[in-house]
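Just so we're on the same page: letters track the sequence lines, and every chain starts at 1.
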Amino acid sequence: MRRYFGRKLLIYGLTFFVAVTINWSIPRFMPGDPVQSMLSRANISQPEAVEAMRVHYTNLFGLDLPLWKQYLNFWGALLKGDLGISIWLFPTPVTDVIVRAVPYTLALLIPAILLSWVAGNRFGAFAARRTWLDNTVLPVGYVLTATPYMWLAILLAWALGIVAGIFPVAGAYSFAMEPSWSPAFLASLAQHWFLPFASLFLVAFGGWAIGMRNMIIYELEADYVHYLEALGASRRLVRRYAFRNAILPQITGLALQLGVLVAGALVTEIVFSYPGLGHLILQAIQNQDFFLLQGTFLFVVIGVLIANFVIDIVYVLVDPRTRTGMGGAA
Amino acid sequence: MALRVTDLKVHYRTRRGEVKALDGVTFSVADGEIMGLAGESGSGKSTLGKSLIRLDSRMRHVGGTVELDGTVVPVTDKRRMNAFRFHKISIIPQYSMSALNPTRKIGRMVGELLASRGVRLETAELERRLELVGLSAEVLGRYPIELSGGMKQRVVMVVSTLLNPSLLIADEVTSALDVSTQKAVARTLLGLRDGGLVGSMIVVTHDISLVYQIADTIMVMYGGRLAEKAPADAVATSPRHPYTRALISSLPEAGVRHADKRLQGIPGSPPALLDPPPGCRFRDRCPLAFERCAEQPPFAEVAPDHFVACWKAM
Ligand SMILES: Nc1ncnc2c1ncn2[C@@H]1O[C@H](COP(=O)(O)OP(=O)(O)OP(=O)(O)O)[C@@H](O)[C@H]1O
Ligand code: SF4
Ligand SMILES: [Mg+2]
């Protein structure tokens with residue numbers, strides 16, 4: 001068990017290392033002078049501010065230092081939580097900008113992922129082998145999964161936001177309000193949250209439901225099911241076992257889909273101008289804010305790695321076969 | 001008469017048509033009789049076994065009846081059939097290596113299975129039965145993946161016979177085992193019958209010589225039909241059907257297994273069951289075939305308890 005997780009941690013560590021390295025190299029190996037282009041984009045009029053930034057960036061990039069030293073310095077700063085200063089929101093540190101955006105992204109992602117996974121699996125298992133459901137709802141599921149996140153988001157924004165006018169289509173709360181814990185503000189938060197959440201939820205839900213339906217049908221043809229049925233076991237027991245075994249590949253599926261889901265969330269935030277990490281990425285690109293872009297990517301990578309690790313642990317806890325495969329107690 | 005099967009026909013639905021895997025079989029098995037069921041791969045042995053307990057989704061009951069201890073077994077009625085399953089008719093399936101849910105500990109699975117049948121699990125009895133097949137009670141706390149193939153097979157044997165069925169179908173229970181374990185398993189089957197835990201048995205096998213040691217009677221199938229059924233000694237010493245003769249003569253004295261391999265000595269191959277030719281199914285390969293064989297021979301009793309389907313044996 002310890003060896004298994006040791007190996008996993010090593011793999012995650014390596015992935016992180018590679019991701020940081022790539023992240024570091026992007027602005028450095030891009031054509032042109034990033035500092036100069038950032039300064040001109042920053043559009044700051046006071047010459048002393050421009051000079052301060054130039055000094056700061058040149059220092060931080062350490063462009064006069066040898067590459068390996070630049071690289072080590074980058075790691076040093078990173079480990080101190082220093083990701084540089086945002087150009088777009090000068091002079092806020094990138095870390096602060098990100099920390100402010102992260103709750104919005106998590107508030108979208110975590111409920112969308114968990115609820116769609118749970119509901120999709122339940123529903124898919126329920127639909128399997130029930131002909132009428134299979135024939136009516138399944139096609140809807142296929143359409144949903146095949147829909148690009150952006151597309152569904154735009155469709156929902158248009159139908160429920162612009163045409164029906166039920167939901168707002170931009171921001172995380174009404175621009176007329178100041179953030180507080182008042183019921184009115186919370187209601188506004190929920191209202192703004194709903195559409196981006198729903199578009200993420202629906203696409204993912206369709207995918208899980210279809211996957212689960214197919215897995216259950218496959219499980220119901222397994223030898224252990226035939227044996228149970230030959231011995232007259234109740235339908236409930238058979239379905240419970242099939243569900244339990246079909247859920248395992250769905251957990252792996254969750255780990256594989258995480259990246260896609262996160263990407264979907266980022267795109268959805270852009271459509272709804274929802275102030276999470278996706279929104280930051282858009283702003284960072286528009287404002288040529290390399291530090292912000294770097295920082296945001298890093299955050300996304302770290303988040304996905306952590307989530308993957310959690311799923312790995314869950315999988316080991318629920319599948320006895322992996323546990324025995326790890327050479328634990330027989 | 002414990003089991004009486006009359007003109008049973010069960011076909012498989014496939015995209016290319018119906019595979020006539022069981023094409024009119026009539027036989028009976030007496031109370032306490034252990035019947036060996038032999039025949040080449042694909043002759044319909046498992047199909048017969050499954051037909052007596054549970055038709056899978058591709059199997060279609062075309063005709064015929066099954067009676068057990070004087071009551072009709074409703075093989076086509078999914079609901080009413082449940083009363084017979086496990087309690088009266090039970091099976092050790094050919095796939096018993098993979099018959100256990102991989103994600104449940106064995107003891108828990110057995111408990112849940114029994115509970116779903118409304119039977120209370122008596123742990124002491126279960127442990128006693130495990131001991132009977134040489135397993136310690138400790139296997140109950142293990143996952144199937146933690147057992148060897150032979151252990152899994154014996155677990156399934158214990159589970160299947162737990163409710164003391166009148167009829168047990170044991171499908172190839174020895175084929176995956178080494179010779180000494182095979183003997184032990186064969187003895188266990190005998191012990192189940194002699195101990196009164198199981199009524200009659202149908203022991204499906206490739207290995208005539210092994211089943212001969214425990215079987216009272218042996219029935220031989222060929223191409224979805226019955227070729228011969230007789231007391232084990234009669235089959236071994238005076239087989240009447242040319243196919244049975246080929247089977248027996250290809251067996252050297254002792255310790256020889258897998259009769260079907262040696263059958264390659266008989267030229268030709270078994271008939272396609274998708275569209276079998278009319279008449280005797282063995283005709284293409286039979287050294288004795290003559291004109292009459294274009295007509296299907298009846299499964300007739302040529303001597304007391306000795307049934308043969310061959311025009312030359314009448
Ligand atoms: N699900 C199925 N669909 C179509 N045909 C099938 C199916 N299962 C079996 N058959 C056919 O039915 C015939 C009898 O199969 P069966 O499994 O009863 O043979 P068997 O005598 O048990 O063989 P073995 O000794 O290899 O187990 C074979 O010709 C096989 O091809
Ligand atoms: S009936 Fe004819 S073909 Fe069939 S086994 Fe007898 S002799 Fe051979
Ligand atoms: Mg078989």
Side-chain angles (χ1 to χ4, degrees), chain A residues 1 4 121 125 128-131 134 212-253 311 313-330, chain B residues 49-50 52-58 78-106 108-119 138-139 141-147 152 155-156 159-163 165 169 171:
Chain A
M1 184 83 89
Y4 175 81
N121 281 325
R129 285 282 164 81
R130 284 181 174 90
T131 329
D134 242 17
M212 190 59 173
R213 171 206 171 257
N214 295 342
M215 279 313 303
I216 288 272
I217 286 179
Y218 175 80
E219 286 292 328
L220 287 179
E221 284 299 320
D223 284 343
Y224 71 89
V225 166
H226 283 162
Y227 181 55
L228 286 172
E229 284 175 344
L231 297 187
S234 67
R235 196 181 152 84
R236 254 195 64 215
L237 181 69
V238 170
R239 283 217 164 235
R240 203 166 86 213
Y241 281 6
F243 185 81
R244 178 66 164 55
N245 294 348
I247 208 87
L248 298 173
Q250 292 289 85
I251 294 177
T252 314
I311 295 174
I313 292 174
V314 169
Y315 193 90
V316 168
L317 291 182
V318 293
D319 189 349
R321 284 168 296 191
T322 51
R323 262 173 282 154
T324 55
M326 290 176 317
Chain B
K50 284 190 278 178
L52 299 178
I53 186 161
R54 180 180 169 269
L55 299 172
D56 70 40
S57 54
R58 276 179 298 272
K78 282 185 188 160
R79 293 188 145 270
R80 284 200 300 137
M81 195 58 203
N82 251 7
F84 287 83
R85 295 186 179 129
F86 206 4
H87 288 282
K88 291 200 177 305
I89 305 177
S90 196
I91 189 166
I92 302 169
Q94 185 163 8
Y95 51 79
S96 54
M97 300 289 172
S98 53
L100 300 168
N101 181 359
T103 59
R104 273 283 192 278
K105 286 186 178 156
I106 287 159
R108 179 151 174 224
M109 192 223 93
V110 176
E112 287 172 341
L113 169 63
L114 287 176
S116 97
R117 299 297 330 250
V119 180
E138 181 237 342
V139 297
R142 296 214 210 159
Y143 288 99
I145 194 181
E146 298 167 325
L147 303 184
K152 273 185 268 194
V155 167
V156 170
V159 173
S160 292
T161 55
L162 207 51
L163 301 184
I169 301 142
D171 200 344

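Here A/L228 contributes atom CG and B/R117 contributes atom CZ; the two are 11.0 Å apart, rounded to the nearest 0.5 Å. The OG1 atom of B/T103 sits 11.5 Å away from the CD1 atom of A/I247 when rounded to the nearest 0.5 Å.
For the pair A/D223 and B/P93, the minimum side-chain heavy-atom distance is 4.5 Å or more. No side-chain heavy atom of A/R235 sits under 4.5 Å from any side-chain heavy atom of B/S116.
Counting heavy-atom pairs closer than 4.5 Å to chain A, the top residue among B/K78, B/M109, B/M81, B/H87 is B/M109. With chain A as partner, the option from B/N101, B/V159, B/I92 having the largest number of non-hydrogen pairs under 4.5 angstrom is B/N101. Contacts with chain A were tallied for B/V156, B/L114, B/L163; B/V156 has the most, counting heavy-atom pairs under 4.5 Å.
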**Prompt:** Checking side chain to side chain contact (heavy atoms under 4.5 Å, CB included) for the pair A/H226/B/K50: CA distance, chi angles, key distance, verdict?
**Reply:** CA-CA 10 Å; A/H226 283 162; B/K50 284 190 278 178; over 6 Å; no
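For the residue pair B/Y95 and A/Y227, the shortest heavy atom distance occurs at OH-N, 3.3 Å. The two residues B/L100 and A/Y224 come nearest to each other via the heavy atoms C-CB, 3.7 Å. B/S57 approaches A/E221 most closely through the heavy-atom pair OG-OE2, 4.1 Å. Shortest non-hydrogen contact noted between A/G232 and B/N82 is CA-OD1, 3.3 Å. In plain terms, the two heavy atoms of A/A230 and B/I53 that are nearest each other are O-CD1, 3.3 Å.
Both the backbone and the side chain of B/R85 come within contact range of chain A, judged by heavy atoms closer than 4.5 Å. Both the backbone and the side chain of A/L231 come within contact range of chain B, judged by heavy atoms closer than 4.5 Å. For a residue to count as touching a neighbouring chain, one of its non-hydrogen atoms must lie under 4.5 Å from one of that chain's; by this rule A/R240 touches chain B with the side chain only.
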